[in-house]
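Encoded as structure tokens, the structure appears first; notes follow it.
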Amino acid sequence: MLYIGKKLELTEYFKSIPLEQKAQLYRGIRAIMAMLVKVSKMTEIYSVRDKIFSEFTETMKQNLDVIHNLLPFATVTTKKVGFYYQERKIKLFDEGERKFRNIFLTNEIRELYFVKGITPEEIVNFFAVIQETLNYTLLDYDFNTRLWDYGITHIGTISDPDMGDPEPWQESWFKSDITPVTPDELFAMEPQNVNELPAISNEYNMLPVVDMEKFNKWAESCGKDAVVNKYLEKAVKIVLENPDRESNRNIVGKICEYAIKNIQNGDFISGFVYVSNLILLEKSIVDKENVIYQKVKEILSRIKSEDFLNAVFDVALNIQSSQIKSFSNLLNIISEEQFETAFTKLCELENREVRLCCLEGLAKNLNDKDVVQRFIDNPDWHVVRNFLYIMRFAYNPEFLPQVREVMNHQVKQIRIEAAKVLSIYDADENLEYWERAVFCPDEEVRILAVENLVKVKDLKVKSIFNEIFKPANRSKFNLTDYERYMDRILASGRNEFFDLPGSMIFSENRELRIIALKSLNKLSNPSMVLMQVKRRIASHEFLSLDKEEIELLLGLMKGEMITPMLEHLEFLFTLHGNIFNKDKYLPIKKQVFEFVKQRAAKNMAMRNWIEKGKQTGDSETRSILEGRS
Amino acid sequence: MDERRNRPEYDNSPKKWRYNFSKSLFTFWKNVKMYGDKNERITEEITFFKQVLDFFFAEKDELSILFDGIDIKVDKVRIRGQRQDDKYFEDIYDLFLSLCMSGITFKKGVADEEILTLLGVLGKYPVGREPKIKAYERVRADLPHLDHIEIYPYDPEESGNLPIYTPEQSVRQIYCSLAHDYGDICKMVDAAESIPLRMTERRVQDLISIVSNAKKIETIEFIMFLASIASFEGSTQSAFAASMVLWSVLIAKKLKIDMQSIKRIAVSAYFQYFSKDKEKGYSALSRMDEFNYDRIEAAVNASYRISDFSDMGLLADMSSSSGTLSGKILQIAAYFSAVTRRWPADSFYKGPLLTRPQAVRSIIRNCTKGAFNKEIVEAFVSVAGIYPIGSLVKLFDGSVAVVIKRFRNFFEQSEVLVLDKNLSVGERKTLTAENILDIPDAAGVVLPEKTIVEILNTFLDEREISNEKPE
């Protein structure tokens, strides 16, 4: 991509430099060219990303750095008879030299430049360009176009189209198929009316306001993939209009070829798009004897073969995250016929993100009970767990016995995965399994059990919850468990279960009470526990609760709870200590009154309650409510 | 199996005949070299060789085969072997190289004897040796004077040292090649040949590099003037295709699109209207050896394009753009390049004929109606200005001028070239757009060739480099 202006600049610069260290430069250039000949031979055997090229890259960089310390760029002239450096032939005694030189001859390259600042990445890409152009004479790219495509800015060429003696413009070039205007005609033409100018000027202001951010996002979304989609959409349309036309065979041939090539090159996004269109063609062509149909069918069976699947997994080892979804979709298609092989290969895949995404995709093709049984019985727990992961997305009541079977598996990961699978089925049907799972040693399974139990219609489940919260069973659960259970029960929205957390606010265990209150506070309308809350306020214990618990209790004062709770708190207006401890209730009164005062501005009932307190309360109450205490 | 090139549709393909010429020259020379100039196959060889020459002499007075130290060119076009059995090219290289000969020219009227004499002399010398200038001198001395054949010497030490083009000269070379080759490419659609993309890609890449690195605004203005040229070598269609490439690069660059995408857009621009039939264009571009996104995108854009350039047509036709970024940019490049040209009757074009300023305003108007993408229109207007370069305008003193610098708005000063009474380039004037008027009747006017060359020379002869840098 070395800009023509830059080449010109460098050439001029080169002319002005005295070549005092000519011999040293010559040796350096010769070493580089000798290495490039070697590289060109190696590229016929190995990929340029092979580690064998690392050493070449390093040595070439060192050699170029030495040269660039003397001159900012080095240039090699290519001629039919050899490479030249400053009119001196570079003597190379390698039989590959002629083939390497041929790249430059066939690409009309006269000079090859190495400019100071070359990076190892550019050198590797340069090797790739050599590889791609060494053996092929293609219609679509050559050495120069590939250099540009790779964005190599420190290696450039001067070739035929860049040079020559400037020719003058020739009038014959501008001969037109329309008769040119004569001077008389042109001068006779009237200009526009000058009075129209203001209106014209206004027209330029009609340009709508632009949103470049939105535009850039849109531009990104219609990149290469969108173009390929559009291309194939058109191709399928043309082919289906006339599947017998010979030119359409070429198009379909290319789609088949690129479907395979893209996948083999690890471009799963394009590969999937191509394969999808082939499937569409296969479905849409009515005449099953048609040549195009036969071709498509043949390619699709090749894609669905075991050999191809193995090749796909080899490429997928270094998959990029952007390709995962398409890889999964592709695997989905292949696994229609190769489910077990695809699954086994996936289990071996180390990349978790890819594995999970693909396993999910595979679920569509899981419909054989025997296959389920085989994998569930697999001795490797990794395989069983991966298989269960697929089953999360493969709803089929026929598979239930196998899932239930592993609910008590000796491996924890399998038990958890099985519980997740069981969760996709009707909870009532699995009540007995969930009832047992509540007391499972695994935290994840227990919480899943509660989540499923709250869905069970049978009220028997209430006794299971009561069992959980029984003081005798407390040792089996930790406090976090209780908090989660409480949340799940309340989140279920089923009133029949609410007396359970409601009753928990009377628990002898403070932690449990706090957990219950915290869960209740998460509800926007906790009115279903109003009775219990009123009872709690009226209880003797209320006055001895600590600050946090009272705060949580008062926190339930929202919506329909406000008025009844306030009424039950009115006894505080006249509550006071005895003669020996007059201020005994001052802290609790202060906490409650301050709580209400803070919210009174936005709530009429609270404002009225405060007024009532001021009018009917004792002096202590008045003092707090009027802000004197 | 029958060779593709022997099919009837290739009968008049110059590519085929250039190939035939080189092959015929080779076999003829080898034949004479091995069996002398009186062997039994001579008549057959000479008949075929003359048949090849006659194909070229139908339109030209002479035909050359040239060697410049690297390539063989027949009729100024490089030829090279593309298949395994084309190894004889190597022998032709060696023939020229060994004899230090840079070319042979055959002139119309050449006689069989002259050809035989030449090949007889050439056949006497061994090939494959290190080139020495003396070899040519020996050939020259042996060869009698021939009226219709000329040979030229080649100096191996001098080869490849031609001057490098300046960016402007490169732009000219790119423009001329794009416009010149377009006709041949169009013919390939009907001949069912594979469309060669490499040279188009190469030119487009160089153009993008030049636009991206332009150090002076004049380079961009020169490109815009080239885009305004109505016709090239008698073809409006060729000039239109080249104009599409130039405008698409300028617009895409303004939108800060990445270089690779700009290349795909520009390649698409070149091929968008190369076939009258959308599907033929699509199929022609789909014939490819290797997977190539540029081709794919060009094929898509060749099948979605504006068919009716009228306001109604623009709004009614849902297939006027592929809906992709390139499709949307090409809509504007195509619209501006098409409506500002007067088209021959048999062209694909259907729509209004507008002056350049009218076309800019029409784009804005149609943008407000939803026909064009507003961000792309804004980029286009900021590149083109209110009186785009190439516009013909009238000054208040009645003189006619050509806009050669962009007028951003009505108040900033810019430049025009006044045309004299013979339509020769006269004074260069600096003024504001308030002082010039569009000439509605000049829509689609084609200036005489002489005037165009004079204007172009003002760009290439530009010695002063302005301080104004391109945006």
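Residue numbering restarts at 1 for every chain, and letters A, B, ... go by the order of the sequence lines.
More than 12 heavy-atom neighbours from other residues, nucleotides or ligands sit within 6.0 angstrom of CD on A:Glu241.
The candidate with the highest count of non-hydrogen atom pairs below 4.5 Å against chain B, out of A:Gln170, A:Met206, A:Lys234, is A:Lys234. For the set B:Phe396, B:Trp343, B:Tyr282, the entry with the most heavy-atom pairs within less than 4.5 Å of chain A is B:Tyr282. Counting heavy-atom pairs closer than 4.5 Å to chain A, the top-ranked of the candidates B:Gly323, B:Ser399, B:Cys367 is B:Gly323.
Taken from CG in B:Asp206 to CG in A:Asn144, the straight-line distance is 7.5 Å, to the nearest 0.5 Å. Here the OG1-CG distance, from A:Thr145 to B:Asp294, works out to 9.5 Å after rounding to the nearest 0.5 Å. Of the inter-residue distances, the one linking A:Asn248 atom CG with B:Glu279 atom CD reads 8.5 Å to the nearest 0.5 angstrom. Of the inter-residue distances, the one linking B:Ile386 atom CD1 with A:Ser201 atom OG reads 7.5 Å to the nearest 0.5 angstrom. Taking CG of A:Asp184 as the reference point, atom NZ of B:Lys421 lies at 10.0 Å (rounded to 0.5 Å).
A:Tyr231 and B:Ser303 form no side-chain donor-acceptor contact under 3.5 Å, judged by distance and modelled atom types alone. No hydrogens or angles considered: a donor-acceptor pair under 3.5 Å links the side chains of B:Arg202 and A:Ser159.
Taking the six-membered ring for Trp and thresholds of 30 and 60 degrees, B:Phe232 and A:Phe174 have ring planes more than 60 degrees apart, a perpendicular arrangement.
Within the 4.5 Å cutoff, side-chain heavy atoms of B:Glu449 are placed close to those of A:Pro180. Side-chain contact between B:Leu423 and A:Phe187: present, with at least one pair of heavy atoms (C-beta onward) separated by less than 4.5 Å. The closest side-chain heavy-atom distance from B:Ile364 to A:Glu203 is not below 4.5 Å. Side chains of A:Trp173 and B:Ile452 form no contact here, defined as non-hydrogen atoms less than 4.5 Å apart. Side-chain contact between A:Asn216 and B:Glu375: absent, with no pair of heavy atoms (C-beta onward) separated by less than 4.5 Å.
Across A:Lys175 and B:Ser231, no two heavy atoms sit closer than the pair O-OG, 3.4 Å. Closest of all the heavy-atom pairs between A:Ile251 and B:Ser283 is CD1-OG, 4.0 Å. Counting all heavy atoms, side chain and backbone alike, B:Pro357 lies closest to A:Tyr204 at O-OH, 3.9 Å. Across all their heavy atoms, B:Tyr304 and A:Glu233 have their closest contact at OH-OE2, 3.7 Å. Taking each heavy atom of A:Leu186 and B:Val400 in turn, the nearest pair found is CD2-CG1, 3.8 Å. Between A:Lys230 and B:Val300, the shortest heavy-atom distance links the atoms CG-CG1, 3.7 Å.
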Self-check item: Verdict with reasoning, A:Leu197 to B:Leu437, per side chain to side chain contact (heavy atoms under 4.5 Å, CB included)
Solution: CA-CA 9 Å; A:Leu197 279 180; B:Leu437 290 168; 4.0 Å; yes
Practice problem: Check the pair B:Leu325 / A:Phe215 against side chain to side chain contact (heavy atoms under 4.5 Å, CB included), numbers first and verdict last. | Solution: CA-CA 10 Å; B:Leu325 176 64; A:Phe215 173 80; 3.7 Å; yes
Practice problem: With side chain to side chain contact (heavy atoms under 4.5 Å, CB included) as the test, would you mind laying out the steps for A:Trp218 and B:Lys328 before giving the verdict? | Solution: CA-CA 12 Å; A:Trp218 167 77; B:Lys328 292 283 180 190; 3.5 Å; yes
Quiz item: Does the pair B:Ile439 and A:Gln192 meet the rule for a side chain to side chain contact (heavy atoms under 4.5 Å, CB included), with working shown?
Solution: CA-CA 6 Å; B:Ile439 311 171; A:Gln192 70 189 146; over 6 Å; no
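With a 4.5 Å cut-off on non-hydrogen atoms, A:Glu220 does not touch chain B at all. The contact between A:Asp211 and chain B is made by backbone and side chain atoms together, counting heavy-atom distances below 4.5 Å. Within the 4.5 angstrom heavy-atom criterion, atoms from both the backbone and the side chain of A:Leu207 approach chain B. Residue contact with chain B, scored on non-hydrogen atoms closer than 4.5 Å, involves the backbone of A:Thr182 exclusively. For a residue to count as touching a neighbouring chain, one of its non-hydrogen atoms must lie under 4.5 Å from one of that chain's; by this rule B:Asn301 does not touch chain A. In this structure, the portion of A:Ser172 lying under 4.5 Å from any heavy atom of chain B is its backbone and not its side chain.
In this structure, the side chain of A:Asp177 engages the main chain of B:Thr236 through a donor-acceptor pair within 3.5 Å. Side-chain N or O atoms of B:Gln260 include one that pairs as donor or acceptor with a backbone N or O of A:Asp149 at under 3.5 Å. The backbone N or O of A:Val209 sits less than 3.5 Å from a side-chain atom of B:Lys374, completing a donor-acceptor pair. At distances below 3.5 Å, not a single donor-acceptor pair connects side-chain atoms of B:Gln205 with backbone N or O atoms of A:Trp148.
Between A:Glu171 and B:Lys450 there is no salt bridge, since no side-chain N of the basic residue sits under 4.0 Å from a carboxylate O of the acidic one.
Each of A:Ile178, A:Thr179, A:Val181 was evaluated against B:Val446; a single residue qualifies, A:Ile178, per the side chain to side chain contact (heavy atoms under 4.5 Å, CB included) test.
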